[in-house]
Each structure stands twice: as structure tokens, then as C-alpha cells.
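Okay, so here's the structure we're looking at.
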2 protein chains.
Amino acid sequence: MSTKQRILDASLQLFNDLGERKVSTNAIASHLDISPGNLYYHFNNKQAIIYQLFLRYEARVLDVLQVPTDRSLTITDKVRYLQAIFAGLWEYRFLHRDMEHLLHDNAELHARYQQFFRHCLARVADILRGLAAAHILRIDEQDIDGLALNTWIVVTSWFSFLRCNLLQHDDDSLSPELLQGGIYQVFMLEQPYLTDAYREHMTQLQRQFMPRPEWLSTTQS
Amino acid sequence: MSTKQRILDASLQLFNDLGERKVSTNAIASHLDISPGNLYYHFNNKQAIIYQLFLRYEARVLDVLQVPTDRSLTITDKVRYLQAIFAGLWEYRFLHRDMEHLLHDNAELHARYQQFFRHCLARVADILRGLAAAHILRIDEQDIDGLALNTWIVVTSWFSFLRCNLLQHDDDSLSPELLQGGIYQVFMLEQPYLTDAYREHMTQLQRQFMPRPEWLSTTQS
DNA sequence: GCATTTTTAGAGTGATTACTCTAAAAAGTC
DNA sequence: GACTTTTTAGAGTAATCACTCTAAAAATGC
């Protein structure tokens, strides 16, 4: 594999494990047993590494968020979307961990990210319209944008939420399993809009993603 | 005013304006025309300043999130809760801007924050139960925790969302007016649970917090 | 007015880190 | 094998920043 790719892979891994801020370019180089000069031969600066990783992430997400044109959506699609999106978020989790800082320091990334956001939001809205067309949801057009936006917020904030509110301080073990609770919360957003025909089925499905009860029960505290 | 208070006030202002990370302790001192030594006489370290500011924030929020015991909740309460919470978020907006980093570097704050979170979540759930008891919402007990959690996520992520997705890169002018859209989104979460008696009234109320349409419409992009 | 405590100034320090510079090694070309 | 280009090494640098240290000034108590 080319040095450039190895730098990107190592950066991604270190960023994900430790957070972008805690990983110096020298650390990336020494992790790969190459010199800082070598790293800077391939990338003009740290931001360029992050930008390339974002492009990977973007491609991955947009690839998932396609709405089929030849058939109507099913509940299976819904689950598949969410699992794939959360898997992508997991793979590039350093991004949303510190998005504000990354964007503040990088105007080019900021512009691209905002375009990406608008694109995603439109796709999510299209998916919701597709679910409505398939009589899975019953929702007014005027509510679709709001629901799509809430979905975006919950999805992109989920890992941050976990790390801040549910993980012990010394415990860095954010695991893919913890994704499940995020999927549950997104189902929760859509649940009230389910048509009677699908309500029973979805409720049962949603239960599979139920967060462990000791987590978040408000009744006993 | 005591030097200690002046340090806290100046820190809050600078943190809010520039982000905690971009504000050095030396910068706080020189902003107040005092020496770094003086600052460190009053606070052992930067984290201690942040911790004290968090305590202020916590007290402010918990003061707002009271459920009246002598009467049932009204729609006016609902609006008042949201406006007061968002005002508090605004006043201490540096906190949620970089919460993960702040907590990672400060175990004591992390523990306190998690306790605060659980407390808030329970209060939000109580408010939802109160709204159900007042026949404003119709919601199953088993859905309350999930709705409360989504409310927490949307509320605490709103400013971050604005800065990442809606503000121009050179534009630091996050304004209190932009809060309104956050309130709209929280209404959006609860809207499907409204009883018929209140649906009309709330929908009209919600419209007042409507984000400007060019913002987030998915229909024209 | 003297003694003690509290508050302040301000120079300095050690650690970190993104990035540079020079030159050597390796790879490719003919 | 001579050359050109690409890739690499690694020492170094300038800036930043949280925090320390010493000693002077100010406030307080009696």
C-alpha cells in the first residue's frame, strides 16, 4: 500500500482512538515508523489529512443514502439505512467528535460539510416521503423537514451523547454495540407517524434495539 | 466585585465568544489587566474555572426545570421551560460547544455532569408526564423516556448544529434569535403526541418559532 | 505603628506541536 | 551506468500555553 494511504489509515485509527486533537502529526509518523518530513511530503498539513478522510466518509454515507426508484420502500430498508449509517459514523467517529473545531480551522472543509449536510437532509426527507408513499408512515409534507432535521441531529450526536453521558470517565470503550441505542432513538422519532398497519410490527422490531434498561430509566431515580 | 468573580465572568465571556480552547489563561488575565500569577492565586488551574462555571450553569438549569406540585401544567409552561432552558444554554454556550473535551480532561466535572444529566432527564420526563396528566399530550409511559432523551439530545446539540451546518465560516454571529429554531424542533418532537384538543392551538404557536424557510427546505434542492 | 495574612505582579519554564529544511536514498528512465 | 524524479530521514524551529516562583504591595488585626 502506498505511503499516502497508510498515512490516511493510521491517522483514521489514531484519530478514532484518541481524538484528533490528541494525535500530533509527529505521532502519526512515528506510529508508521516514518519521518515527519515524509508525512509532510504527502500532505501539506494536518488539515489535508482530515479533509481526505472526510471525503472518504462522505462517499460512504452518500452511497448508503440512495432511494430506490424502481420499487417502494420497506421496513427492511429502514433498518438497513440506519445500520449502515451508524456503521459509517462508527468508522469515522473522530469527525463528529470534534466537528466544530475541525470546521472552524478549515474553511474548505466547512463549505464541503455544509453541502454534504444539505444533501443528506434532502435524502433523509426523500426516504421519509418514500416511507409515506409505501404507507408505512403517515405524515404531512410540512412536517417532513422537521422530522428529517431531528433525525440528523440525533444520529450525528449519538456518539457524543454516549461519551458524555453514559460512559465512565476511565472507560474509552465506546463499542459498536452501543450504536443500537441510537437506532432505537431514531425509531422513536418516527414511531408516532407509523400507520396502524405497521405499528405493531415496528414496535416489535424497535424492541430489539432497546437500550439496556438500567441505562436510562427515569422512573427509579 | 471580587477578583475571583471577575475572573469567572471574564472567562465565561471569552469562552463563549472564542471557545474554551482558544482562550488561554494568560489571555484571561491580560483581558482583566491582572497577572497570570494573580489568576492562579484564585484558581489552581484552568479546569477549576470551568468547573465553577459549570456549577453556575447547573444551578440555573435546575432552577428552571421545576415541576409545580400545586397545579397542573399548561402550554404556557411548556414555552416558558423551553425559552428559559435555551437562554441558559446561550449564556453558557461554551460548555456544550466542547463538552467531550472538557469532560475528558476533568474526571470530577465528568462525574458531576453525568449526575446532572440524569437529574435533567428525570425532570424532563416528569414534565412530559405532567403534560400528559393535563391532557395536553397523550403518550404511553413506555415512550416517555425515549422522548425525553431525544429532547435532551436536540436541545443540547442545537448550537453545535447551527455553527456546523447553518453559519457561514467567517460568521461567528451565533445570535439568541437562532434559538427559536431549536424550540421549533423540540415542539416537533412532541407534536405527534398532542391531544386533539390542543393540536390546533399548538400548531399555531409552533409556527411562531418556525425557522426562516430558506434555511432548511429540502424541497427545492 | 507593627506584625501577619491576603493579594498581586511579572518574569520565566518546560512541554508540546505543526511544520520546515537539507540532503541522502530509492526508484524510474534511457 | 548516468540522469532525473520521487520518496524518505531526521534534526531543528518558532510559537503556544498551562503553570510556577519570588517578592513586593495591599489589606487586616491589634
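All heavy atoms count here, side chains included; hydrogens, waters and symmetry mates do not.
- Close to dT7(D), at under 4.0 Å from its OP1 or OP2, lies no side-chain N or O of Thr3(A).
- Distance Glu20(A) CD to dA18(C) P: 8 Å, rounded to the nearest Å.
- When each of Val186(B), Leu179(B), Leu82(B), Ile183(B) is checked for a side-chain contact (heavy atoms from CB on, under 4.5 Å) with Phe209(B), only Ile183(B) meets the rule.
- Taking only side-chain nitrogens and oxygens, Ser35(A) comes nearer than 4.0 Å to OP1 or OP2 of dA9(D).
- Nearest-nucleotide positions on DNA chain C for Arg21(A) and Gly37(A) put Arg21(A) closer to the 5' end.
- Atom CE of Met1(B) and atom P of dT7(C) are 16 Å apart (whole Å).
- Applying the 4.0 Å criterion to OP1 and OP2 of dC17(D), one finds that Thr25(B) has every side-chain N and O outside that range.
- In this structure, CD1 of Ile28(A) is placed 15 Å from C1' of dT16(C), rounded to the nearest angstrom.
- One cannot find a donor-acceptor pair under 3.5 Å joining the base of dC19(D) and the side-chain atoms of Asn44(B).
- One finds a side-chain N or O of Tyr41(B) lying less than 4.0 angstrom from the OP1 or OP2 phosphate oxygen of dT7(C).
- Atom NZ of Lys46(B) and atom P of dT20(D) are 15 Å apart (whole Å).
- Whole-Å rounding puts the Phe43(A) CZ to dT20(C) P distance at 15 Å.
- Contact between the side-chain N/O atoms of His42(B) and the OP1/OP2 oxygens of dT6(C) is not found at any separation under 4.0 Å.
- In this structure, Leu39(A) atom CG and dC21(C) atom C1' are separated by 16 Å, rounded to whole Å.
- Listed candidates were dA18(D), dC19(C), dG10(C). Nearest to the side chain of Asn26(B) is dA18(D).
- Counting heavy atoms of neighbouring residues, nucleotides and ligands inside a 6.0 Å radius, atom CD of Gln115(B) does not exceed 12 of them.
- The OH atom of Tyr40(A) sits 17 Å away from the P atom of dA11(D) (whole-angstrom rounding).
- Under the 6.0 Å cut-off for aromatic ring centres, Tyr57(A) and Phe94(A) do not qualify, their centroids lying 6.0 Å or more apart.
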Apply salt bridge (charged side-chain N to carboxylate O under 4.0 Å, His left out) to residues Asp9(B) and Arg56(B) and explain how you reach the verdict.
CA-CA 11 Å; Asp9(B) 290 344; Arg56(B) 282 193 190 179; 2.9 Å; yes

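- Side-chain N/O atoms of Asn38(A) include one lying less than 4.0 angstrom from OP1 or OP2 on dA9(D).
- Aromatic ring pairs are classed by plane angle as parallel below 30°, tilted from 30° to 60° and perpendicular above 60°; the pair Phe161(B) and Phe117(A) is perpendicular.
- One can place CG of Asn45(B) at 17 Å from P of dC17(D), the figure rounded to the nearest angstrom.
- Nucleic acid contact for Asp33(B): sugar-phosphate only, since backbone atoms but no base atoms lie under 4.0 Å from a heavy atom of the residue.
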